[in-house]
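Taking it in order: structure first as structure tokens, then the write-up.
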There are 2 protein chains.
Amino acid sequence: MDDAQHQYVDKVATFFTMFGSTRAWAEILGWLMICEPAERTQAELAEDLGLSAGTVSTQLRTHVQLGMVEQVRVRGERVQRYRLKPGAWREVMTSELGRIQALGDLASAAAPVMPGDRPDRVTELGDLAGFFAREWPPLMARMTAELEKGTP
Amino acid sequence: MDDAQHQYVDKVATFFTMFGSTRAWAEILGWLMICEPAERTQAELAEDLGLSAGTVSTQLRTHVQLGMVEQVRVRGERVQRYRLKPGAWREVMTSELGRIQALGDLASAAAPVMPGDRPDRVTELGDLAGFFAREWPPLMARMTAELEKGTP
DNA sequence: GGCACGTTTCAATAGTGACTGAAACTGCTG
DNA sequence: CAGCAGTTTCAGTCACTATTGAAACGTGCC
């Protein structure tokens, strides 16, 4: 990993750390975005990034669980390799719908515990969630269509 | 604050804590969503939620900076009151565009530091960011139109 | 079977940052 | 001006958790 690459990994790490992710998690993500070959073993990741094997194991597991990274087996090799999952970003965007619905549920759950005469604070959130719940699926469909066009 | 309300605040807090926010921050948000009257002083919030005055001051400031909460002066009173900012959720969604663009920048920045023969990992992210950069403004416009319809 | 390499688990450590409590500060009231 | 309620600031404490290092655990090769 040269200087420029190191700087890039740091940039990605800084960005995602701002939203509460751990440094190691974000560094692995950043490195997997640009490393060559794209398929890496845990031991290589640890070596490349100067992290312990334990950290890589743990953080990589969360990446896999979140669907950002997948295990691959390279023909002829018997080691476990990991790479950025193609289409992962798309999936993250698609799964946003679940979070929107959770917000909507939060709004619904508020109704019984607040005085009925001023529900506006909560109906606003509910309406918003409703709007996105309707708009999100067609938007995702358009997204998929457009991205496939680029990668035939 | 009765039991049901307490439970609701806890529910909201649990939800937002999952995404990296602090407990106090999320509790204040949850309580401001349902408390009556909606306008509260810092001292009241501290008392209601069992937080120290210092914590309330700090967390409330971040709420104000993020645009979720605003200061209001109630006629005749001279105390500082705070409430959930009307339209705050809408604004949060609108400002999502900034984060999308940041992701797009991250993708652009990757180009120089990776071998040119396999740029797919990064172009995917770039295309995605481009898609949202184009779609987001009209989507926001539709959102505003629809929500205004509900609150004439 | 034994060896080498990679991965997982886990106890211990280090570092961070949320939260508190007290003290300083502000602006209003009598 | 003294008194008071509310707010801000900040040093210190505490809890949490990210990270490490080492030890156990595979798993395929010799």
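Below, chain A is the first sequence line, B the second, and so on; all start at residue 1.
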### Task
Check whether any side-chain nitrogen or oxygen of B/Ser57 sits under 4.0 Å from OP1 or OP2 of D/dT8, and answer yes or no.
yes

### Task
Name the nucleic acid region contacted by B/Ala53, choosing base, sugar-phosphate or nothing; use a 4.0 angstrom heavy-atom cut-off, strictly under.
base

### Query
If you look only at pairs with a residue in residues 99-108 of chain A, which of them pass as a side chain to side chain donor-acceptor pair (under 3.5 Å), with sequence neighbours excluded?
A/Ser95-A/Arg99, A/Glu96-A/Arg99

### Message
How many whole angstroms separate atom CZ of A/Arg81 from atom C1' of C/dT7?
### Response
14 Å

#### Entry: Minimum heavy-atom distance B/Gln59-B/Ala24, with the two atoms named
CG-CB, 3.9 Å

### Query
Within the structure shown, what part of the strands sits under 4.0 Å from B/Ser52 by heavy-atom distance: base, sugar-phosphate, or nothing?
base

### Query
Nearest-Å distance, CD (A/Glu39) to P (C/dG6)?
16 Å

### Query
Side chain of A/Gln42: nearest nucleotide among D/dG6, D/dG21, C/dT7?
C/dT7

### Distance in angstrom units between B/Arg73 CZ and C/dC28 C1', rounded
10 Å

### Message
Under 4.0 Å, counting only non-hydrogen atoms across every strand here, what does A/Thr22 touch: a base, just sugar-phosphate, or nothing?
### Response
sugar-phosphate

### Message
It should be established whether A/Arg61 places a side-chain nitrogen or oxygen under 4.0 Å from OP1 or OP2 of nucleotide C/dT7.
### Response
no

### Task
When you get a sec, tell me which of C/dT7, D/dT20, D/dT7 is the closest nucleotide to the side chain of A/Tyr82?
C/dT7

#### Entry: Any side-chain heavy-atom pair of B/Arg83 and A/Arg121 under 4.5 Å
no

### Query
Tell me: CD1 of A/Ile28 to C1' of D/dT19, nearest whole Å?
12 Å

### Task
Grab the CG-P distance between B/Leu51 and C/dA22 for me, whole Å please.
17 Å

#### Entry: Heavy-atom pair of closest approach, residues A/Phe131 and B/Leu139
CZ-O, 3.7 Å

### Message
In this structure, how many angstroms lie between the C1' atom of D/dT17 and the CZ atom of A/Arg23, rounded?
### Response
16 Å

### Query
Taking atom P of D/dC4 as reference, at what distance in whole Å does atom CD of B/Gln80 sit?
22 Å

### Task
Run the numbers on B/Thr17 and B/Thr14 for side chain to side chain donor-acceptor pair (under 3.5 Å), then give the verdict.
CA-CA 5 Å; B/Thr17 310; B/Thr14 303; over 6 Å; no

### Task
Let me know the distance between CG of B/Leu49 and P of C/dA18, rounded to the nearest Å.
17 Å

### Query
Of B/Val56 and A/Thr41, whose closest DNA chain C nucleotide lies nearer the 5' terminus?
A/Thr41

